[in-house]
Trainee: 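This is the structure, below, for whatever I ask next.
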Amino acid sequence: MSHATNLRCRECSHDYDLAPIYTCEWCFGPLEVVYDYEAIAASISAEKIAQGPESIWRYSDLLPSDVDAAVDLGAGWTPLVRADRLAAELGLGEVWIKNDTLNPTNSFKDRVVAVALSKALEFGFKTAACASTGNLANSVAAHAAHAGLKSYVFVPANLEAGKIVTTAVYGGNVVAVNGNYDDVNRLCAELAGTYPWAFVNVNVRPFYAEGSKTLAYEVAEQLGWQTPDHVVVPMASGSLLTKVDKGFRELHKVGLLADEPNVRVSGAQALGCSPIARAWLDGADTIKPVKPDTIAKSLAIGNPADGYFALDVVRNSGGGMAAVTDDEVVEAIQLLARTEGIFAETAGGVTIATLKRLAEQGVVRRDERVVAYITGHGLKTLDAVVPVAGPTGTIAPNIEAFHAAFDIEEQ
Ligand SMILES: *Cc1c(COP(=O)(O)O)cnc(C)c1O
Ligand SMILES: [Zn+2]
């Protein structure tokens with residue numbers, strides 16, 4: 001049995017039953033899942049978790065759906081890799097990479113979609129849908145196929161070709177919309193009022209968002225039930241960042257962390273779509289929507305739904321933010337690949353480039369244990385590195401040609 005008790009408005013605290021709804025009738029604020037933490041504390045333990053499945057479902061006590069009804073393609077329980085070579089290049093001490101490229105459809109979105117579609121099945125939906133910048137479409141199509149649901153995914157028509165292919169292959173409907181993500185999202189909000197579909201990031205968004213908390217749970221468990229001092233999180237809508245913060249706090253609430261966590265949370269955006277980082281850098285309280293223009297398409301949300309909450313978390317935790325250029329993103333993808341053997345998509349480049357900036361500024365410190373969340377695989381955005389990652393040399397098929405081209409005396 002799930003320990004979720006109801007939904008609550010994040011603005012005015014009005015309570016609602018657990019249902020496929022997402023905004024408050026009183027103030028239009030976003031709804032969030034509420035749990036019975038006493039019941040969770042009584043049920044959960046490190047031993048029980050350790051005996052659970054090697055997926056996000058090991059934390060089902062802290063999720064809104066019942067593990068027996070879970071849509072499970074194996075999302076989660078991805079490696080936490082110590083990154084000493086990267087740390088040395090950045091002048092940092094202890095750096096870890098949470099390698100979420102290794103999810104079933106190669107992005108962190110599998111965590112949120114697994115929870116959203118489990119809940120969708122429970123609510124009796126027959127069709128899953130979403131507005132997506134690409135990764136969510138991949139994941140919804142795959143999980144819907146696995147769960148026997150129909151799917152309609154809506155994406156901007158200018159998306160990377162690879163992301164369309166890797167969605168369409170699962171056999172659902174892929175609707176390419178001539179517009180940017182914010183146009184697609186607006187269309188989906190309208191469709192959600194018309195069709196009885198589970199739009200994972202519209203009418204079941206409160207449940208969907210909870211899946212992101214598992215990125216905090218796993219890091220704490222993998223560090224031996226300790227928290228990092230500082231995390232760097234990529235931001236699109238800002239939801240993931242706020243849920244990572246919530247996740248660490250919940251672990252303390254239910255008794256899995258002895259001390260109140262004190263994790264500094266920093267946010268990463270690409271300069272070409274940085275409404276949240278802009279507000280941070282300007283010290284502003286309002287987030288001005290922007291028109292995205294960046295290679296980091298998976299983060300290209302110009303009007304971020306959770307932007308204010310993300311700003312709040314970063315301010316209250318003593319973190320920082322940066323907006324990095326597309327050139328820095330490409331360099332950072334190469335840096336991570338060259339130092340740690342992990343190939344990230346552009347969103348990962350945004351995160352590592354932000355980590356580098358914040359290290360240079362002294363916001364991320366050498367004495368901190370740092371975790372960088374790498375949320376998508378490099379094969380998703382090959383175009384970004386095609387210009388900088390070709391053959392070292394092209395030669396005739398004989399040894400003389402090799403000798404002529406390569407000076408191997410250095411060994
Ligand atoms: C969706 C996504 C994020 C974060 O999204 P939020 O809307 O901020 O929760 C981060 N990285 C990748 C690769 C994504 O696809
Ligand atoms: Zn409200």
Side-chain angles (χ1 to χ4, degrees), residues 7-16 21-32 78 98-103 105-113 116 130-140 155 159-160 163 167 181-182 185 200-201 205-206 208-215 232-247 265 267-270 273-277 294-311 313-314 321 329 333 344-352 354 372-381 384:
L7 294 173
R8 181 168 294 156
C9 175
R10 284 172 83 175
E11 303 285 359
C12 77
S13 297
H14 196 88
D15 280 343
Y16 296 85
I21 50 173
Y22 64 110
T23 42
C24 177
E25 284 174 6
W26 297 84
C27 76
F28 301 106
L31 305 182
E32 189 170 43
T78 56
K98 181 59 172 165
N99 185 3
D100 239 26
T101 71
L102 296 178
N103 273 306
T105 70
N106 303 104
S107 87
F108 112 89
K109 287 296 195 298
D110 291 325
R111 298 174 182 274
V112 282
V113 169
C130 69
S132 174
T133 56
N135 289 333
L136 188 62
N138 284 179
S139 187
V140 167
V155 296
L159 204 62
E160 298 98 336
K163 281 185 180 161
T167 300
Y181 173 79
D182 297 284
N185 200 34
V200 300
N201 52 351
R205 186 174 175 88
Y208 155 97
E210 291 293 284
S212 293
K213 299 186 306 183
T214 58
L215 267 173
V232 181
V233 187
M235 301 184 293
S237 71
S239 172
L240 168 61
L241 182 140
T242 64
K243 295 293 176 171
V244 166
D245 179 69
K246 180 181 178 188
V265 182
Q269 288 204 300
C273 184
S274 48
I276 311 174
T294 169
I295 56 170
K297 293 205 167 74
S298 59
L299 302 180
I301 297 184
N303 191 8
D306 291 278
Y308 292 104
F309 299 110
L311 268 180
V313 165
V314 171
M321 289 193 193
V329 170
I333 291 173
E345 69 147 279
T346 46
V350 170
T351 302
I352 296 300
T354 294
Y373 285 101
I374 299 302
T375 48
H377 199 289
L379 290 174
K380 285 171 173 281
T381 57

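Ligands are counted one by one from 1 in listed order, and the atoms in each one are counted from 1 as well. For reference, positions follow the sequence shown, starting with 1. If you're wondering where the values come from, they're calculated on a predicted model, not measured in any experiment.
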Trainee: What atoms of ligand 1 come within less than 4.0 Å of a heavy atom belonging to Asn135?
Mentor: 13 (C), 14 (C), 15 (O)

Trainee: Can you give me the closest heavy-atom contact between Ser212 and Val244, atom names plus distance?
Mentor: O-CG2, 4.4 Å

Trainee: When you compare ligand 1 with Ala236, is there at least one nitrogen or oxygen pair between them that comes in under 3.5 angstrom?
Mentor: yes

Trainee: Counting distance only, does the side-chain N/O of Asn201 pair as donor-acceptor with the main-chain N or O of Ala131 below 3.5 Å?
Mentor: yes

Trainee: Would you say Lys243 touches ligand 1, if touching means a heavy atom closer than 4.0 Å?
Mentor: no

Trainee: For Lys109, take its heavy atoms, then give the atoms of ligand 1 lying under 4.0 Å from any of them.
Mentor: 1 (C), 2 (C), 3 (C), 5 (O), 14 (C), 15 (O)

Trainee: Can you check the angle at the Zn ion (ligand 2) formed by SG of Cys27 and SG of Cys9? Round it to the nearest 10°.
Mentor: 100°

Trainee: Using a 4.0 Å cut-off to any heavy atom of Leu299, which atoms of ligand 1 qualify?
Mentor: 3 (C), 10 (C), 11 (N)

Trainee: Identify the two heavy atoms, one from Lys163 and one from Gly134, that lie closest to each other, and give their separation to 0.1 Å.
Mentor: CD-CA, 3.8 Å

Trainee: Does one side chain, of Thr375 or Arg111, offer a donor that lies under 3.5 Å from an acceptor on the other?
Mentor: no

Trainee: Of the backbone and side-chain N, O or S atoms of His14, does one lie nearer to the Zn ion (ligand 2) than 2.8 Å?
Mentor: no

Trainee: Below 4.0 angstrom from a heavy atom of Ser239, which ligand 1 atoms are there? Numbered from 1 as shown, please.
Mentor: 6 (P), 8 (O), 9 (O)

Trainee: Considering only the protein, which heavy-atom contact is closest to atom 4 (C) of ligand 1, and what is its distance?
Mentor: Phe108 CE2, 3.7 Å

Trainee: From the options Thr346, Asn135, Thr105, select the one residue that forms a side chain to side chain donor-acceptor pair (under 3.5 Å) with Lys380.
Mentor: Asn135

Trainee: So is Arg10 actually on top of Phe309's ring, under 6.0 Å and inside 45° of the axis?
Mentor: yes

Trainee: Under 4.0 Å from any heavy atom of Ser298, which atoms of ligand 1 are there?
Mentor: 13 (C), 15 (O)

Trainee: Under the side chain to side chain donor-acceptor pair (under 3.5 Å) test against Thr78, which residue among Thr214, Thr101, Asp100, Asp110 passes?
Mentor: Asp100

Trainee: Could you tell me whether Ser107 approaches ligand 1 through its side chain, its backbone, both or neither, with non-hydrogen atoms closer than 4.0 Å?
Mentor: neither

Trainee: Indicate whether any N or O donor in one side chain lies under 3.5 Å from an N or O acceptor in the other, for Asn103 and Asn106.
Mentor: no

Trainee: Is the closest heavy-atom distance from Pro234 to ligand 1 below 4.0 Å?
Mentor: yes

Trainee: Return the residue, atom name and 0.1 Å-rounded distance of the protein heavy atom closest to atom 7 (O) of ligand 1.
Mentor: Ser237 OG, 2.6 Å

Trainee: Is it the case that ligand 1 has an N or O less than 3.5 angstrom from some N or O of Gly238?
Mentor: yes

Trainee: Given the rule in the side chain to side chain donor-acceptor pair (under 3.5 Å) test, do Arg205 and Ser237 qualify, once you have shown the distances and angles that lead to the verdict?
Mentor: CA-CA 12 Å; Arg205 186 174 175 88; Ser237 71; 3.1 Å; yes

Trainee: List every atom of ligand 1 that sits less than 4.0 Å from any heavy atom of Glu345, numbering the atoms from 1 in the order shown and giving each element.
Mentor: 13 (C)

